[in-house]
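Written out below as structure tokens is the structure these notes cover.
Keep in mind it's a predicted model, so treat the numbers as computed, not measured. Only heavy atoms go into these numbers, but all of them, side chains included; no hydrogens, no water, no symmetry mates.
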Amino acid sequence: MAPKKIEPKKPEPKKPEPKKEEAPAPAPVTETPKEPELDLKSIALEFTADQIEEFKDAFTLFDETPTGEMKIRYTQCGDVLRALGYNPTNGDVLTVLGKPKAEDMNTKYLDFETFLPMLQHISRAKDQGTFEDFVEGLRVFDKEGNGTVMGAELRHVLATLGEKMTEDEVDRLMAGQEDANGCINYTSFIKHILSG
Amino acid sequence: RGCSRSTRVLFHEYSIKAAILIQRWYRRYVARLEMRRRYTWNIFQSIEYAGEQDQLQLSSFFSFMLDNFTHMNGNGPGNKYLISHLLDSVVDPLTEEVRQLKYEQIVVPESYCGPRLSFPLSVTDTNALLSAFKEEQTLHGKYVLQLLYETKKFLKQMPNIIYLSTSYAKEITICGDLHGRLDDLLLIFYKNGLPSAENPYIFNGDFVDRGKKSTEIIIILFAFLLLYPDHMHLNRGNHEDHIMNLRYGFTREVMQKYKTHGREMLQLLQDVFSLLPLATVIDNKVLIVHGGISDKIDLDFLSTVERHKVKSVLRLPKRSVVDILWSDPKNQSGCSPNYFRGGGCYFGPDVTQALLQKHGLCLLIRSHECKQEGYELCHNGQVITIFSASNYYEEGSNRGAYVKLGPELVPRFFQYQVSRSTRKLTLHQRVCVAEGSALRALKEKLYAHRSDLMAAFQQYDIDNTGRISTSEWAQVVESVLRLDLPWRTLRPRLARLGADGNVEYESCFEDISPGEPIPPVTPNLAETLYRYRTDLEIIFNIIDKDHSGQISIEEFRQTWKLFSSHLGVAVDDQTIDDMARSIDFNKDGSIDFNEFLEAFRVVHKLDIKEQQQG
């Protein structure tokens, strides 16, 4: 029996799992909130060597260990995934991390080899959200149908619904976006967010 | 009623979906911004360290000159003149009394409305100085000379290491590098109060260079030093050194602000800087030095060093002084030479532990390195780096900080950041500004090594397509520039991809063009001149004794020949002569070397486009 090392390049044929005959599904790409436990070891990596080098560069940027051990804290995992251009929800990030406890987020580390299958999984997510989705989403708050939303209302929504943002986060998001009347032209707002 | 409720439910569902979408994208936006902020920081740091490495070059150039003094080609007047310029020490022909009288006799015109200092200084004088500098006034040369002279007299009595105590339950405030940033000093005084018997300060070196108000800073610091000799303490930094000043801007600042008395001020400053104490110790427990330590440092030995003889460590590299002023901490154990800086060591936690133990100390506070948060701890909390120049690389690049120590010797940190614009910039704007600046600096580096880079690129491009893979591009750039940066992440900002997804390597030079039409030299020579522009500037400034901005063609020729033979760059005499003659715009046999150097300043085309679109 092969030792239990994480070998991302070769998916292990034998796993210490309950006696199910079926191979587990490679990547659960469903939108239902309740997902089956994510098994990182089963994810086949499809990145090229060049891509992996590129990911390494970004990963290293976030490595804050004093001796440059190529490790990041759990709490940084989302940042690196997003820095590479994906936009998982916080829930998605916790899923790939294996639903860690809150106190683990700042104390546990993951290395680059462990990170790669997480990245692979996230990269396969179908629903990234397009410009139109965004516009549709904001139009919900456009009471007068004139292309603007009330900044105050948007703040309230972002801080109370979904994956709530903190007041600081909301302030940063809105910085410089509201006009003298506290309104936001949401097309330019969206372009601003998507351009990052 | 039922209808509106289901509409409300639907609205609520849509709202949640919309919220989640925005939140996801926002978090992505923030992470990408953070990534840009981080690599911008890396770029600045790498370039700064690489720049300091050039100091090794300059200092070895001086050694080269010393070694070859007697072997120079011919003994023509040009040679002797040049050598003596570079090697002679400043001789002070005036006695103390004569000098003092001379300064007193300088007449200050009635029209001058700045501060008029009277010695010994009083609080009125320091207040007047602070107000004047806030109003952008300049202190008259007479008072600067007198101040420097008094400071020199005062510092002569000081030992190499100053021992302080936090008795009377006083907290001591320790500040790091200021580098000519007057706004930061004023902000510190505003937040923390002016120096006084109840509010003692230690300034840990690097008061000058890089920033534009180095003169004002040292005037203020020296004034407080004279006013509160027991409560104001200054340590020497590696930039309190006249050769560093030639390169990093302080000399130029003084000469520009004080056309009549600048030279004499610079002479005095050579002495004043070399007389600054090397270290401060608080309560026999906390050691404060500018750079760091090494495994050879011993405080008892350090107190015996004749510090006033070390006008510049670049000409007289006394080991212990160099270590104190130039070293950096590292995380690995041991003590290794600091190649980046060209002097001093990298010292590990074991070295720190050993030194602290040897002298019964518990903490080392040092500066010398810019830190994003203004301060950083390392070596298990036994080393604190404190850096007080905010926005050091660029607006928004970092905070400044100072640290306070009371009798219990528990450090308390205070951070700040100067904002130049009246309208507060958003984080996004600050990152964009800093990033733009960093990328420009990086592009200039690429341009300065164009020939080497192209040669290496072409080695991979066997079929001459003009394209190579991203990996190959990254490898080449890293090995030629020798900067440890995330090149693959930076690639989109530096070079274009072709249709086949490979990098069009020549595109990384597209954005830069030489500013003025350069003298007729080969691209290779132009690059060399561009790369060593700053060193040449230093040498020209040394030769130009009367600081007129002019040197003779003969001097130009000699300098260049010496320098290039030291660098091993092959330049034939004819080329040098052609170059010299083409720059001699007035045809009067003298060269305005600033005009010459201007030719090797580059222009960023994108900047021009932006300005035109305005």
Using non-hydrogen atoms only, which part of [X] is less than 4.5 Å away from chain B: side chain, backbone, both, or neither?
X        : answer
A/Gln76  : side chain
A/Gln51  : neither
A/Lys164 : backbone
A/Leu84  : backbone
A/Phe55  : neither

Using the side-chain contact (heavy atoms from CB on, under 4.5 Å) rule, take B/Arg27 and A/Asn90 through it: C-alpha gap first, then chi angles, then the decisive distance, then the call. CA-CA 9 Å; B/Arg27 292 188 171 116; A/Asn90 285 347; 3.4 Å; yes
Looking only at heavy atoms and a cut-off of under 4.5 Å, which of A/Asp50, A/Asp79, A/Leu173 has the most pairs with chain B? A/Leu173
Using a cut-off of under 4.5 Å on heavy-atom pairs, state which of A/Glu163, A/Arg139, A/Glu54 scores highest against chain B. A/Glu163
Where do [X] and [Y] come nearest, in terms of heavy atoms and distance?
X       : Y        : value
A/Asp57 : B/Pro486 : OD2-C, 3.2 Å
A/Ala58 : B/Thr489 : N-OG1, 3.8 Å
B/Ala31 : A/Phe62  : O-CZ, 4.2 Å

Is the [atom1] atom of [X] crowded by more than 12 outside heavy atoms at less than 6.0 Å?
X        : atom1 : answer
A/Lys71  : NZ    : no
B/Asn380 : CG    : no
A/Glu167 : CD    : no
A/Glu103 : CD    : yes
B/Lys17  : NZ    : no

Inter-residue atom distance [X].[atom1] - [Y].[atom2], 0.5 Å rounding:
X       : Y        : atom1 : atom2 : value
B/Met35 : A/Leu61  : CE    : CG    : 7.0 Å
B/Ser15 : A/His156 : OG    : NE2   : 9.5 Å
A/Arg82 : B/Tyr26  : CZ    : OH    : 11.0 Å
B/Leu21 : A/Glu136 : CG    : CD    : 11.0 Å

If we only count heavy atoms from C-beta on, is the [X] to [Y] side-chain gap below 4.5 Å?
X       : Y        : answer
B/Ile22 : A/Val157 : no
A/Glu64 : B/Arg38  : yes
B/Gln23 : A/Thr89  : no

Between B/His428 and A/His192, does a side-chain contact (heavy atoms from CB on, under 4.5 Å) hold up when you go through it step by step? CA-CA 10 Å; B/His428 180 248; A/His192 170 66; 4.1 Å; yes
So, B/Arg28 side chain and A/Gly85 main chain: donor-acceptor pair closer than 3.5 Å or not? yes
Spell out, as yes or no, whether a donor-acceptor pair under 3.5 Å connects the side chain of B/Arg32 to the backbone of A/Ala83. yes
